[in-house]
Every structure is written in structure tokens, then in C-alpha cells.
Amino acid sequence: MSDLKQTASGGQPASGCPADEARIGVYICHCGGNISDHVDVEAVRERMEKMPGVTVSRTNMFMCSDPGQESIMEDLKSGLVNRVVVASCAPSLHETTFRAAIARAGGNPYQYEHANIREQVSWVHHGAPATDKATRLISAAAGKARLLTPLTPIRVEAQRRALVIGGGVAGMRAALDLAAQGVRTDLIELSPYLGGGLARLDKLAPHGEDAAGIVRELAGNILSDPLITTHCQARLTAFGGYVGKFSVEISPASRTARAQEAAPGAFVPGKGVLGPAQAPGAPERFDAGAVVMATGFSSYAPQKGEYGFGDNAEAVTLPRFIEELKNAQTAPDGMLRLGSRPVRSLAIIHCVGSRQIPGVHEEGPSGHLNEHCSRTCCAASINAALTVRKTFPATRVYELYRDIRTYGRGQEEMYAEASAEKVTFLRFDVESPPEVVRVNGQYPLEVRVRDELTFGENLELPVDLVVLATGMEPAPIRDLIDMLKLPVGADRFLLETHPKLRPVELPVAGVYLAGTCQAPMDAGEAANAASSAAAKAGALLRRGFVELDPFVAEVDPARCKGTGACVDACLNEGALRLQETEIGGEKVMRAVVTPALCLGCGACAAVCPEGAINVSGWTLEQYEAMVDMILSEAAFAVTADESVSASPEPAEAAV
Amino acid sequence: MSAVNPAFLDELEAYGENAGALCFNCGTCAAVCPLDGGHFPRKMIRYAQIGAVDRIREESRELWRCLHCGLCTQTCPRGANPGEVILTLKRLFAAEWRKS
Amino acid sequence: MGTRTSAKAQGTILILATESCAYPGADSVGQAHSSYPANAYILKVKAPVLFPERFYIDCFRKGVSGIIIMSCGEECPYEGAYKALAKRVDAIYALMKEHGIDIRRLRLTAICTVCNRAFLNEVNQMNAIVQELGPPVFDQAAEA
Amino acid sequence: MDAQREYAREYAFDAVVIGGGIAGLQSALDLADQGYKTAVVEKDASIGGKMIRLSKVFPTLDCASCITTPKMAAAAHHENITLFTYCDVNEAKRENGRVEVRITQRPRYVDMDKCIGCRKCEYACPVLVPDAEQGGFSGRKAIRIPFSNAIPQKAVLDVANCMLCGKCASVCPTGAVVYGQKPESFVIKADTAVLATGFELNSRLDKPQYGLGQIPNVIDAMQMERLLAPHGPYGRVLRPSDGKVPDSIAYVQCAGSRDASMGVSYCSRVCCMYAIKQAMLLSGALPLADITIYYMDIRAFGKNYEQFYQNAKAMGIEFVKAKAAWLDAGENGSVAVRYEDQLEGGAATREHDLAVLSMGMLPGWSPRGVCPVDVAGDGFLKTLRPKTNPSLTTLEGVFTAGTAAGPKDIVDTITEAGGAAMEAAKHLLSRQTGGVSLREADHE
Amino acid sequence: MYEPKDIIAILANNVRKTMSPFGIPKSMVNGWWKEESLPRNGETLLVTGLMYQLVPFIETATTWLARYEDAKWAEYLPYSRFVPPRLSGLGLAMITPAEAKRKAAGHLKNIVKAMRASGRRFGYQPELDEYSGILLYDLGDQEGFVRHAKRVAARLKGAGVTSIVTVDPHTTYALKVLYPKYADASFEVRAYFEDLNLSGAHAGETLSIHDPCFYGRYLELSGASRKALGNLGYACADARRSGLFTSCCGGPAESISPKLASRIGAKRVEALGGSGERIVTMCPICLHNLEKAGADVTDLSTVLAGGLKTA
Amino acid sequence: MTNNPTNAILSKEALKALREERKEWIAAASAASRESRKALKAVRERLAQSSASIPEIAASTGLPPDKALWLVATMKKFGEIAEQELDDGYYRYALIAKDVEDAPDQAE
């Protein structure tokens, strides 16, 4: 693996004694009395001095101060010490400070161990037990330090090339942002068009941006960017590798219908901008350093009979209605006409295929319930209603909702405007949903609803049209999920590592999330996620390499017997595998670590019957040494007499 | 069951600037109304929104219990001016009576 | 006398505290100056799934009186590690029974960065157990 | 007003982030990770913003501190990030294509380089003042570390409550207390800026119907966060009037949002979810308590939010569809909630031991007179292209993240912060390469 | 409760015929000014709108009506046939006690006293002082109200009036807000207590103010009354529901349901009387209804005039 | 990140000038401090007898219950008081015997 340089300059296996004799320096901080008021710092220093492997032990009023750090650096430079133990406050505060000091003095920052004697000793224990505990903790740190080998961060060469899967607003935004950072980007899209779900919309809620205009602009930028290669009607057919070097195979997708009359680059209403099709024939293969998933969503397809859908031509979905509304001409009588059919009144039913409740809703053909809220439909419905009322004031609109979720900026105001425009809102409980009934009256359909706003009365709404505000479902990307080994949540959307810590990242390092493949969101939210993903991927690729913690598993080839126990225990698939090796003319299986994929958890170390695998910097031997030192009386043996005389109130003694 | 007739709001607008379209039925007005108890005045506003004019007519005497104190208007979170809606409805019936 | 035998007399409690949750949690207890038994020693670990069964048994053999594994619980940054750990702990309990060691000497718990109260509870409870049980004694029969 | 101020120092950075809350920190981290030298300017004595003050966060219920502290620490230790805390921004403008921020750092009366955060001064100080960090429910000293997980862990002296008795200085092991410290003014010049100025909770004074702070045991949601937090004032949830363990708790939704009578007509986006979250935490802490949420619409729109809401319902939390109209003091310290029972009965009153007002968000900062960036009608920063580049403000090279441009939950904030960092990075790149920025194309 | 249709019919008929809701000749209602020597002209014209003067008649009428409110046949009786002889016009005037009328006149005299002490120069022309028509507006008789308002406004305009000082909230609201909107007549209208400059020292005495809905909420004048009292050295204890959020005294329900009026009045008195202070208000209807509910309530004018004595 | 290069301990004159400048603040803080010391003392004396709930502390000290709770919460924060068992809807609190220096107003 030439591109993976796990450099351990000591070159020592994880076990056994390091080649260079350990010369440990122990540096104990008074912390201006915070430690020394309760821990007899001088007594501890004397004890440490006599510990095996310790060549020097010093104290300082403030070890983190410049003079404190200087004393450490001088000892390193003079060769007096080659391993450092600092006993002071919590490592979260100053571990990096001291590691940096060691590096400045030319030492290896990983030959360092920290003993926490403030937060975990002097602030919680008093008197002799505090001094005792500090002694044992510092001894333990020294015990570990003896076994520390020099480490360097793992460098993984990174291809300055990214793959974006999906050509909707999220995919396009991500590709443009990657390209802007100088990253060569391949965007693949299954359909012939760029634009995704956005291309089907009209004026966007609540500010009225023109969806087609946005799609045109983004696609135009994509197609003219020299760093972006667009592959429409293309599929990912093979995937492997790891962060920095994913191997990718793109094949032409089976042909779907495309607008014959449109030229590449042209906008086709309701579909998007026609993009360059993947050339038929052999698959295209290349390496990419990072991948952005932007595979978008599918619109929920109502079941036959759901609110009259399928049984009545007058029941349509909201996306369909928005498309028809786009083309509707204003009439002198102010009434909406779909085709030649006048629409005197229409009802929009919310939460169709969203917020489904087990026991109340029936599972669809997918065998799943959509328990999630689709987030965008309330605003989209009200936006459509408002458009109707303003453009076709003779047409009446009813909105039947469970909760109005106009959460976004300007959306609540839009809801108020719709009210002012006399859209009639009715609220139903999920347990008694509205019914759509065909009637032989003046109107073809009647919506019957138990309206909670009218004290639970049953109301009848005569309508010419029923619009179902269908929600978002995950797009059918089973193949990608399997190929990239992506985690999926209970809602079947792709599952991020952590919604707040790492919202656009996946456990697979180097693969990012953008847009509605993760959860329902609107265009702006998808754009944010895409930019965020592009920032993360860009930071990774722009340097040309990825630097990873050196705390990864390491195999001792001398001990490994190739049992494969570690491979079974490994939590991150691909981090460990068995590889055929020739040893003494004999072909044997040996465990091999892919450091770029190793998380450093140590699950492997626990199960190896030979003790042949360990996590660098956190080895089992080191822990065993620490336990031994905590239990050891060695530190006390020499100074036992003095320690007896240690004041029971070391507070005075220390200042 | 009663059929809904949103056109009633348009008719009502002839009797006042505010016919209650803005109301989002939060119930603040009914809760603060000193007439205590019941759904008044939201009930009337809701009936107006759905055009249940017969219901309003049936219960029209309720309208004249209103003290015109304005607390509902002061506290309405949507600026729907419930007090003015009640007054508008009073005007509608008063005008009808005058004609008859 | 003095510091020499104090910890020994109390029995040593070992706490394996995860780097991202329980260890900063213990620091948080320190910041609040909340006292707990001084015989509790905290070791920082990336993930406790690192330790094999024998590590625990060896610890008891060396004289550790009680061990608390303070993990991140289900929020563990290493996916699947908690499950593996929970399974491992079951196996250790079985071994402990074999060796005649009271299984109350080992506890698996989840502690977050600000779980001061829970941390103190765990340590105090373990200390009470350790005081009650005294130093670990291995069943000679099982040893043989 | 700025003329007489002396700006003694000048610092140059690639990027400057105004606001050290979760949005600002995330933007700064993303910029710093791309190799840009970034300054973070924070008005408080600690970074971490509102999030570090929360108990647990929805919908995962993991503790806020556990998620915020790592980001705070990462920013504090990042080689490309410099933190400036306790700072006021006097002016932020564009000058010769760069952003120039004029800043005054308020005196902490403590030498930052010397203070080791040991809190000896805090223990020694004899003055007790209501601790705003704890919702006012407990006392703090005039000199103190702002709160337990503050970064930097450095003391601050509140001179307005200081007797100048000298006790803190006499116990300080490093001689860090500086009673005569003066404000310091300096200039930060950077190629780009991210405004992450956050939000403030709106005041309950804006809704006199809810008690004007006169009714005991009516608290706001941030105060409840403190009661629920592990480092909270009581260490558990008690009624502030007398320490009773509450048996019945009411949540008043939209107490500071969707209310034209308060002048806040927008939805604050997070209150439904935080109320449900708190209700869930409460039912864990007080298993016998009845919890009622008075609401108009439950807005559980984010990922896994709806499922969270349905779980809360299944746990027995009661949801009453009505806007609480009026709160009054009831018997024995209880709070009487007046509302309309919409399905039956009509106007009704229910008594609870404790009522929590789900206050909404107001902009945390007004650029008026400070920075020539536009605000929208709602008072939050105006964004130019909300659907494709949501973090673009009306000022070239200046971007926004998080609640500075409208209410947002933490998930959306963090994602947007990443987006803002991307836009800022693109701006930096276009300046370096002399390319035409998106903005310039826009302005033509 | 009475049939609104009939009440409106009576009132509208009375106003149309006599410009007064009860059909009592103005000469019998408005006589208080005869004992005061008031100039006819001044910077502003005092317009009482007759509300203080009419209250004693309302009181009589409602006391009488209350007896019948719950009678089964009340709803079916066409009021117009038997009520007018007793409950409006001369009949009503006859049975209304003189003491009540004197008390009402006393408030107006106190107002004059306070204004004079403040050096306000105002005129009074009894023939221009008309009922505003506000009750018709409140009852929804928009047509009747507009017609009446236009008549009243025309007279005022005809007399060249531009600036008016009023004494009660209903008239103030009508002249200030409704007349410009519906009668095409804009005057500069101020309540009498807005421009007083009395001073005194009543330190230690605290008054509980009941803001009339129109003053507290519609016209946002609750600060002015408190200021006038504050200048005299009184402290004001505000009930939780005051100012913009003041709570109705129940008075407006009198003409439709005296029972409702007294129920609401009782609630209001309870809310105000919590701290035991003397209740002060500045509206004849509030005054009457709170009194009826058993409160020790004083008109603002009494306090202002009384304050003068000790100053 | 910046600080004035001022000495920690000011000269007597400088301190005097500062005292003069902050006169009003100092006076207010001193008054408040006296007040809270008195209240703390009362709470301490009550708890020295036995553990007590907030209503009990309020009743015997004459402090309003919300103020009593505030003081107890503060004393708890500085390690002077520990919470005990729940007693009919109210927790009881007790003094902890501890290093005197940790008390919130240990001096004077």
C-alpha cells in the first residue's frame, strides 16, 4: 500500500521494550496552590525521582507557563529525557499545550502521558489520601510512558477529485462548491435531466422565487464549469476503496424517455435541464477522494382509494396540481380551469403519506409507514392555495390539516396572507380523517370532515377538485446503500453520523450527505447541507492528503497466527482483513490493517488469542503497566518514613 | 352535517372592515371574554369563516351580550379583531331587521 | 501508616472512563469540587471494548477490588462497540463466577460529560460494595 | 462616537466570525480546517452561545454540553483559530475589499494570561448576586468563572457588584486580579466575515397577559433548561417560589411567537420541540407529574421530530390545542391557565404547580449604526438568495450563519454554519485567484 | 335577556325622534349647567354627550326591567307595545329619583371645578351638547348611528366648533374615533383630565383605578388619569387587569341583560378590591355598575375636586 | 486575549481613586452583601439545629420562601449544604461539616 504511510519512526512492534532506553521526565504542577494545597507536591516529586526509568522529576508553580514549558523543552533538548509525564490539570485543558512543547523541542509528541491530579485529585480529595492518589496516578503515567513508542499521524494521499451522486439542487450546489475549491468533480444523475424535485415546482414558498430560473442557473453553471464533468443517465455500478481513494465505476443507465426535441442544455418544463448523457458502452472507472450523496427523494404515491385517489379523476397530488396550475390561464370570470373544467372550489388535504401512525394508517406496498413529517408540504400547499386565490379569486380553497407547520422564515406570514385571502382552514384529527365521496350533485365530489375548529362538527365541502399534499419518501437507492455500505435510519432516509456533531457526514469516512436523501428539506436547506458537505469534502481534498490520528490498530507479524478473530470483531468493515503472505516459503494468512479505515476502538485487541494486535498509543500492555503501578507500593517504600511525617493538612505545607 | 359556504365572508364585508378571515382559531378571545364560559366570540367568527349563517342566525342573540369591551381584540395574536367581527355581524342583522 | 497503606486498606477501585464521555464527566465532578472516595482511579480509554476478559480477571488477581466501566452507552462514537462490550461484560461475569469472585465488583454504566450525580452514585455504590466484600479472593478450586 | 476611541492594535486574519455560539464555532472550525486563519469575536465571557446553556437537546436527548464542549474545545485549541471573548463590535465595514471590524474588549478585571481558573477568588468573594446563568434561581459571586464548562476557564469580575474589598486579589495564586483594568480597543482586518450573532429570547414583559414576572412559578423555557441541567441551580426541578416538587406543569406555547399582539408574527421554530423535549425530561425526572402542553400547531418538522412528538404523546404528555390566553396566580403558589377548550365546554381554567412560557426568538444583534448590512422586516439579517445560497447577506464578502438570519434549531444552524464557511471560503478563493465572486455577478 | 331587535327598535326610534335614547326631552335631562355660570365661548367647547346625565334614567329603567328578565313571557312580549310608556320618555323621567340626578350633576360640576382650577378656558353651549349616538353604534344599528352622528356633527360644525373637551369615555370615543370615520367630522377631542395641572400632597393615600374600556384600551388614556392623580399626590394601585388590559365593568350589558351586567360587575369589583383601596373610575356607566355591585367607588371628578380642597 | 499591563495589586492611591470612582457601586454591593450575610446566617442557624425544608426554613427565619430557596441553592453550590430526603413534596436540606474556607461568605 504505497499511498499509506504509517510511519512509526521507532519502527518497534507494539510489544516488548522500545529500542531506546526510556528516560522519563516527570513534571508536577502546583497550580498556584490548587494542587499543592492538597497534594504534597514535593514529596511526590521525590518519590518519582526514584522510580525506575525516571531520570528527572521537577515541579513548577505553573507548569503550563512559559518557564514551565521551557524546563521540559530543555530536558528534551539536552537528551536528559525522551518521554514526558506532566501531572497537572485535566488533559483536555493542556494536553495539546505540552504535546506542542515537546514537538518544538524536537521530541515525539506522542511519547507523552498526562496525569490528571487537579480535577481528579486535589479538587476532590484532601490530605494524605490526595498525595497518595497523586503518587499512584503519576506512577501509572510513568509506567505507561516507559512503553510509549514514537508515533506520527497517518497520512493518506487524497485524490483531488470528488464524485457527487445526484443532479438536483443539492447535488448541483455541492458540485459547484467543490469545483470552486479547485476540486475536479464528477456529477452523476440517473435521469436525463438536471434539476431534481425542484424542476417540477413553480414559484417557491414563501418568497416566490422561480424554481425554473434556479434550476436553469445552477445547471448552466454546472455545464459550463471546466472542473465539473456531468454524467446524466448514468449509474454507479461499482465502488471500493477508502477516504482519499475511492474507486468508482460509472455505467450508462438503461435509457429512460427523454425529450427528443430538446437540445442538451435546454430547460424542459417540469423535468429540468437536459444534461449530457453517459456514453453507451464500457463503464468508466476513476478514483475519487470523496463522495457526496445527493440522491434526493421520491414523492409519495397515494394508494388507490386513499382520499378518493385513483377512483376519481378529480383527485390529484400536489406536485401534479402545481404543474397544472403553472399552465392555467387566467379567465375573465376569475375562475381556475384545469383543461376546460372549471374549478369552483378545491380542497387540499395535508399529510398524505406523512405523519402516518401505526395502528391508524395502513402500510403501503413498500410495507412501511412514513412516520416522519415531510416538512415542506404545509408551505407548498398554502403557497398553492394563495396562488389560486390571488390569480383565480372566483375559486374557493379549503385546506384540511392536522397541524399547520409554516415554520420557515416568511412562511407564517404567508399563512396569514392565505387566511386574509379567505382560504378556509379546517383541522382534522388523525383518528377521524376526511372522507372524499363522489356525489350526484352540483359538485362531483364532497369532502366530509369532522372539523376540530368548529367544535368537532361534521362539515361537508362541495368541491370540483381534491389535491393531496403528498410527502417525501426516500428515493429507491438500495443498490447505492449496499455498495457504499451506508447506514439508513428507521425512516429509511440515509442516517448521518450525528445530527449535530457531524450532520453531513457518514460513518464511512469521506462520504458526505447533501439534501433530501437525508431527510425532507426545502431547496435552501438542501443547499446549506450541500455547501456544508462540500466544505468538509473540500477541506479534506484540497491539501492533497488526509491526516489521521496514529491511534490505530497495529499487527505484530511475529505473533499473528492468522486466526481471523480480529477480523470478525472489527467494527468497521474493511479496516482489517486476512491477507496471504509468504513466510519461509509457506503461504499463510496474516491480519492486515488498513489504517485509513481503522477507528482505533481496539475491539480487535481484545479478541486476539496471541496478543498480536494492539492500538498504537493505547496498548493493553500499557494499561496493564498502569494498573500495576497504581497497585504498586514501590513509590512509597523509599520515602515511607518521610511520608509519615507529611502534614495531615498539607495546605499549609505547600504554600 | 352542514355545508360550508366561504362566500359568506364576502357578503359580510359589506358590513365592516373585518369579517374574521384572519382568525386562526387559537381560542384566546373565547378564553378572555368577560362573558365567561362557552366558545363566544370565536364561535361566531368560526361560523362566519365557514359561512354557517344559519347557525349565527339561530344564536344571534348571543351577539348582543357582547360588551364591546375590546379585550379580545387587544389580545388577539393574529390581529383578527374579534370585537369588530361581532360588531359587523350585529350590523348585518340590524340591517336585516331594519329592512323587514 | 501515613499514605503508605491508606489506599490498600480501602481497596482499589479502577474506573475505565471513555475519552469522549465519562472522563470529561469525572473532570466535571472535579470542577464542582464534589468529593468521592480517593481509592477510585480513573483510566482514560478510547473504548472499553479494547480490554479482553482476562484483563479484568488479572486486575482482580493483582488486587483491584472493584471495576467500573464508564462508557458512553448507546451514544458511543464507535458503532457497535457498546453491543460488543455488553456481550463481553456478560462473559466476564461468567468468568468471575467461575473464579468465585462476587460479580458486584464489576459494573458497566454510561456516564456523560456532565453526569456528576450519576458518577458520584456509581463510585459511592462501588465503594460500599468493596468495603463490604474486602479484597478479592479467588476460589482455590476454580484456580486449580 | 467611535472617533475618540483609540484602536491600539490591529490584527489580520483570513476570516472573522462574529459570534462564538454554535453557529460561529462551526463556521470557524470549517474555515480553520480549510487552512484559513480565523478570528472569533464573542460578546460573552465564554464561547458556546445559547447551546452550552441548555440541558439536553432534541430529538436525540443527548446532553447539550457533551456536544458543545468538544466543539468549543476544538475551536479553543485550533491552531488557525483565535478567540476574542467579552468583546463589543463597534463597527464592521468593508474597506478596500476587506472587512474591517472595530472592537472593544470589556475589562474582565482579571489578567487572562495569569488566571488559571481555580475559582479561589470565587470562593473568597463575599458578594452574592442572582446568577443569570442559572435563571436567577441561585446566587453567584461578584467574581466568578462564568459557568462550569465555560471556555476560557477564566474569572470575570462584575465591578458593578464589587465592594473592592480585595479578598479575591489576596487569595489569587497568580496575582491575576486587576481592579483597574481598562477596556481595550483593536481592529481586526479580514478578507471575509461570517455574522453568527444568534438570538435572544424575547421578553415576557411583551405579553402582560402571562404575568409580567408578577406571578410566582411562571418561568421561561430557558429557566427550565437550567432547572433540568445537571449543573442546574437546585440540581433538580423544584418550584422556585417555595421549593415544592411540582406535580403538574403547564407549557404555554407561542408565548413569544406567532403573536401579532406582541409584534412577533413569525414562528420561532424551536419552541414546540424544546417544550416536548423538556416535557419528556420532566416525565423522567418527575414520573408522577402531569404535564400539559397548550399549543396551536405542533411544529415537529425536522428529522425524527414527528416521531419524537408521537413518543411524547404515547408517554402520556397531554397536548391541549388552545393558545393559553391568560395566566393568573392560583391557590398556594399554583398558576391558573385560562384557555378555550375547543372541542367541548369552551373557556376553561386549569391550575398547575408550575407554568413554563415557551418564549420565541428575537435577533441577538442589530447591525444598525454598526454594519451596513440589511435586515429584513422581522429584524433578522436579510439574506439575498435563500433558496440557493442561504448565507449570503446584502454586503459582499459578509455571510451569515444560524439564528442571525432567522430562528433555527441546532441541526439547521450547524448545517448552515458549514454552508456559510463554504461561501466564505469561496470568497477567499475568488479574492486569491482574482476570480469574479458570485456576489459580484449578482450585483451587476 | 331581552330581544335585541326590540331594544334596538325602541332606542333607534327614540334617538330619531328626540335625539336621546330614552326619548326624554333634553330640557329634563340636562339642567346642571344652569347653576354654574359658564361662558358660551372658549378655546374649546365642553361636550358632555349627556352620558352622566342619562345614567340615572338608565338605572331606573334597568331596575324596573330586571324584574322581568327571567319571566317566561319576556321573550315573547313585544316590548314596543308596553315598554315605551313606562321605560322611555316622560314616564321614565317621572319615576327616576331626583337624588340620582343631582348626584350626576355633581360630577359635572366637579369636572368644571377642576378645569377652572387648572385655568382651562372652555365654553359651554347647552343647545350643542347632544347625545353622541354611541349606543346605536354598539348595538349594530349602523344606519341609525350614522344618521344621528351626522346630525350632531352638523350642528357642531355649523357652530364653528373645532376643539372639544369631553367628560366620559363613550362620548370621547364617538367624537374622536367614530365621527371622523362615519360622520365625516373631525374635531380635536380631549378628555378633560388630559390637560389638568393641579397639584397637591396626598402622600400615603393609594387609589385603585378602574380604567373604563374605552379610556384604558381603545383610547390608551390610562396614563393621563394616573398623571392627574399623581400630581395631586395620590398613588395608584393598578389591578393586574388595567390599562390596555382593563376588564369590563359589565355596564354595557345593562340594556340587554341587567343580570349579566351585575355578574360581570361583581367579578370586576372583586378583582379591584383586593388591596382594600378606594376605587376610582371616570365613566358614568362604570361608576354606576360598580356601585351596584357593591363597591365603594368614586368618580375621578370627585377626587380631583376634593383634592383641590385640601391643596 | 489582551490585557492591560497593570499590576495586580494597585497602589494605595490608585485603589483610593478607584474606590471614589465606584463609590455608588461599592455602597450598593456592601449593603446587599450585609443583607445576604444576615440571611445566610439565619439559614445556617436554622440548619444547625436540624435539617429542614424550604417552608420550614422560611417560617423560622422569616425569609420569604423563594428567597430561602435561593440561599439554599447558593449554599449548595458552594458546598455548604446537602440535599436530603424528600418529605411530603419538599426536600430537606442539611449543613455539611466542611472546610470553612469553602463557605460562600466565610470571612467576617
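Quick note on labels: first sequence line is chain A, next is B, and so on, each numbered from 1. Heavy atoms only: backbone and side chains are in, while hydrogens, waters and symmetry mates are out.
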* To do: Output, in order, the C-alpha distance, side-chain angles, deciding distance and verdict of side-chain hydrogen bond (donor to acceptor under 3.5 Å, both in side chains) for E:Gln142 and B:Arg91.
  => CA-CA 6 Å; E:Gln142 189 71 0; B:Arg91 290 191 196 116; 2.8 Å; yes
* Asked: So what's closer than 4.5 Å to chain E heavy atoms on B:Glu96: side chain, backbone, both or neither?
  -> neither
* Structure fact -> Turns out that what part of B:Leu35 lies under 4.5 Å from chain E's heavy atoms comes down to both
* Roughly how far apart are E:Leu139 CG and B:Leu87 CG, rounded to 0.5 Å? -> 9.5 Å
* Rounded to the nearest 0.5 Å, what separation is found between the CD1 atom of E:Ile264 and the SG atom of B:Cys33? -> 7.5 Å
* Indicate the ring-plane relationship of B:His68 and E:Phe214, choosing parallel, tilted or perpendicular according to the 30° and 60° boundaries. => perpendicular
* Is atom CG of E:Asp238 surrounded by more than 12 heavy atoms (other residues, nucleotides or ligands) closer than 6.0 Å? -> yes
Give, as side chain, backbone, both or neither, the part of [X] having an atom under 4.5 angstrom from any heavy atom of chain B.
X: E:Leu244; answer: both
X: E:Arg268; answer: neither
X: E:Tyr218; answer: side chain
X: E:Ile8; answer: side chain

* Structure fact -> Closest heavy-atom pair, B:Leu71 versus E:Thr246, reported as atoms and distance to 0.1 Å, is CD1-O, 4.0 Å
* Structure fact -> Nearest heavy-atom contact between B:Ala94 and E:Gly140 is CB-O, 3.1 Å
Is [Y] close to [X] at the side-chain level, that is, under 4.5 Å between some pair of heavy atoms?
X: B:Arg98; Y: E:Lys5; value: no
X: E:Pro4; Y: B:Trp97; value: yes
X: B:Thr75; Y: E:Phe245; value: yes

* To do: Evaluate salt bridge (charged side-chain N to carboxylate O under 4.0 Å, His left out) for E:Glu143 paired with B:Lys99, printing each intermediate quantity in order.
  => CA-CA 11 Å; E:Glu143 219 182 302; B:Lys99 274 179 214 141; over 6 Å; no
* So, B:Arg65 side chain and E:Ala253 main chain: donor-acceptor pair closer than 3.5 Å or not? -> no
